[in-house]
Amino acid sequence: MLIATWNVNSLRVRLPQLLDWLGQARPDIVGLQETKLVDGDFPEAELAAAGYHAVYVGQPTYNGVALLSRQAASDPLTALPGREHDPQQRFVAASYGALRVINVYVPNGSAVGSDKYVYKLAWLADLSRYLLAASAQSPKLLVMGDFNIAPTDLDVHDPAAWEGQVLVSPAERAAFVELVSLGLHDTFRHLNPQTQAFTWWDYRAAAFRRNQGLRIDHILATQPVLAASRACRVEIDLRRSERPSDHAPLVLELDPAAIV
DNA sequence: ATGGTAGCAGAGCTA
């Protein structure tokens, strides 16, 4: 059973790549971020033809998230509880049998100390508060997405250059530690304790060619799901493709027998 | 080098 998260940076532009990849890899559940589509423009028919159900929520121009699945979803939720009136669409959740999946696009934060940074930390505090309840209600829980946080210096190509910057600042890393402290384990790091791997490379300055990346996309899992986790890897080939997203997908392989 | 590129939208903002 394959679970994936991918910041597509425009689903309209990336749809052909997504459909190719769905056909080849056949992931069971996929969280998308930065779809940048209003709901009326969501490519539901194309995805259905590829064998995928979708739960999605978008807005004009920015943000937007979706959960795709080969099995139909139940109990969909399209706003972070407490932020139902926030116009920024960054949260979608659904259940697949006993597995609860939450897909998030955490705010970027722009620059440390900016209004957007304050919004990011407030959003993360609300997420943390909600996940405390959600993890109690759903023992088999996955929380995945673009967290816009590189948890440690191992997750940064040049820690000295990035020190104190947005995506790595102490307050952001503390917010990530708080999520993990709820019992939500970082599956990639658990399965690859020493591996340096990135999920995002800036479009600018030939960052991908020089492997100047950060690991900011994550799949967090409660203990029962962690115990069923066999492997977690970055699908770097999609970052190499023509007209790529600036993020590569992150894929978690689960033992399905442990999830039913 | 306070730049660089990509997407949306059609100039400037966001990342």
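What you see is a predicted model, and the numbers here were worked out from it, not measured in a lab. Proteins get letters first, then strands, A, B, ... in listed order; numbering begins at 1 in each.
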As a quick check of understanding, evaluate side chain to side chain donor-acceptor pair (under 3.5 Å) for Thr199(A) and Asp217(A), giving each step before the final call. CA-CA 6 Å; Thr199(A) 62; Asp217(A) 300 87; 2.6 Å; yes
dA15(B) to dA9(B) separation - P atoms, rounded to the nearest Å: 15 Å
Please confirm whether Tyr130(A) and Phe91(A) have ring centers closer than 6.0 angstrom. yes
Using side chain to side chain donor-acceptor pair (under 3.5 Å), reason through Tyr117(A) and Ser169(A) one step at a time and then give a plain yes or no. CA-CA 10 Å; Tyr117(A) 182 80; Ser169(A) 73; 2.7 Å; yes
Please report, rounded to the nearest Å, how far the C1' atom of dT14(B) is from the CG atom of Asn7(A). 12 Å
Between Arg90(A) (CZ) and dT14(B) (C1'), how many Å, whole number? 10 Å
Does Phe208(A) have Arg239(A) sitting over its ring (NZ/CZ under 6.0 Å from centre, angle to axis within 45°)? yes
Asp246(A) has an atom CG; how far is it from atom P of dT14(B), in whole Å? 17 Å
Any salt bridge between Arg189(A) and Asp155(A), counting N to O under 4.0 Å? yes
Could you run down the sub-3.5 Å N/O contacts of the protein with nucleotides 3-7 of chain B?
from	atom 1	to	atom 2	distance (Å)
dG4(B)	O6	Arg204(A)	NH1	3.2
dG7(B)	OP1	Arg14(A)	NH1	3.0
dG7(B)	OP1	Arg14(A)	NH2	3.2
dG7(B)	OP2	Arg243(A)	NE	3.3
dG7(B)	OP2	Arg243(A)	NH2	3.3
dG7(B)	O3'	Ser10(A)	OG	3.4

Is a donor on one side and an acceptor on the other found under 3.5 Å between the side chain of Asn63(A) and the backbone of Lys36(A)? no
Once you round it to whole Å, what is the distance between P of dC8(B) and CZ of Arg12(A)? 6 Å
What nucleic acid atoms does Phe208(A) come within less than 4.0 Å of, heavy atoms only: base, sugar-phosphate, or nothing? nothing
From CG of Asp41(A) over to C1' of dC8(B), roughly how many Å is that when rounded to an integer? 13 Å
Euclidean distance, atom CD of residue Gln165(A) to atom C1' of dT2(B) [Å, nearest integer]: 11 Å
Between Leu11(A) and Trp200(A), the residue closer to the 5' end of DNA chain B by nearest nucleotide is Leu11(A)
When you match Thr35(A) and Asp146(A) each to their closest nucleotide on DNA chain B, which lands nearer the 5' end? Thr35(A)
Between Gln59(A) (CD) and dC8(B) (P), how many Å, whole number? 14 Å
Any carboxylate oxygen within less than 4.0 angstrom of a Lys/Arg side-chain nitrogen, looking at Asp153(A) and Arg173(A)? yes
P spacing across the pair dT2(B) / dG7(B), given as an integer number of angstrom: 26 Å
Taking the P atom of each, how far is dA1(B) from dA11(B), in whole Å? 34 Å
